[in-house]
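For the numbers below, each heavy atom of this structure counts, side chains included, while hydrogens, waters and symmetry mates do not.
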Amino acid sequence: MRRCFYWGAFLLLTACGSMSEKMATYVPEEIAPTYVADSRYAGLSCQALAQTDLAEGIRFNQSVTTARRGVVASGLTPTPKVGFSALISPNDRATLALGKGTLEALHRAEVRRGCPWSPLEVVTF
């Protein structure tokens, strides 16, 4: 009896772990970014833009993790009919959209500034 319990718990945790890893890839693609003006970052040097970009990227990844954990904790599973973004809470959706918009604004500011590591085209999610 005890073996069955441990085996069942192991399978459940393994399934949840692999499911949450797969779900993380769906979050950024299904939510449109909120527009953030790149003039907000116009006065920053390339080094300051890089530091801000790194900090915002870390914050965005934490937001994705929070949203993913919220869906996994709810016990709901995305299906072809009900996509992953439909299961994310409205607050998490707004946070992800703002994070994506902020990163896009930073990339536009880097291109305008002519930073050596900036992409040739603005990266969109």
- Task: Go through Arg68 and Thr65 one step at a time and tell me if the side chain to side chain contact (heavy atoms under 4.5 Å, CB included) criterion holds.
- Result: CA-CA 5 Å; Arg68 182 183 67 206; Thr65 301; 3.7 Å; yes
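Closest non-hydrogen pair, Ile88 versus Ala67, comes out as CG2-CB, 4.2 Å. For the residue pair Cys115 and Leu49, the shortest heavy atom distance occurs at SG-CD1, 4.1 Å. Residues Ala97 and Ala32 approach most closely at CB-O, 3.3 Å, considering heavy atoms. The two residues Pro116 and Cys46 make their nearest non-hydrogen contact at CD-SG, 4.4 Å.
Within the model, atoms CG of Leu98 and CZ of Arg93 stand 14.0 Å from one another, a figure rounded to the nearest 0.5 Å.
In this structure a side-chain-to-backbone donor-acceptor pair under 3.5 Å is missing from Lys100 to Thr34. Between the side chain of Ser45 and the backbone N or O of Ala48 there is at least one donor-acceptor pair closer than 3.5 Å.
Salt-bridge formation is not detected for the pair Glu110/Arg113: no Lys NZ or Arg NE/NH1/NH2 atom is positioned less than 4.0 Å from an Asp or Glu carboxylate oxygen.
With sequence neighbours left out, Arg69 forms a side-chain hydrogen bond (donor to acceptor under 3.5 Å, both in side chains) with no residue at all.
Between the side chains of Thr95 and Asp92, no donor-acceptor pair of N or O atoms lies under 3.5 Å.
Residues Arg108 and Arg112 have side chains not in contact (no heavy-atom distance under 4.5 Å, counting atoms from C-beta outward). You'll find the side chain of Thr102 stays beyond 4.5 Å of the side chain of Phe60, heavy atoms only.
Under the side-chain contact (heavy atoms from CB on, under 4.5 Å) rule, Arg40 has a single partner from Val36, Asp38, Leu44, which is Val36.
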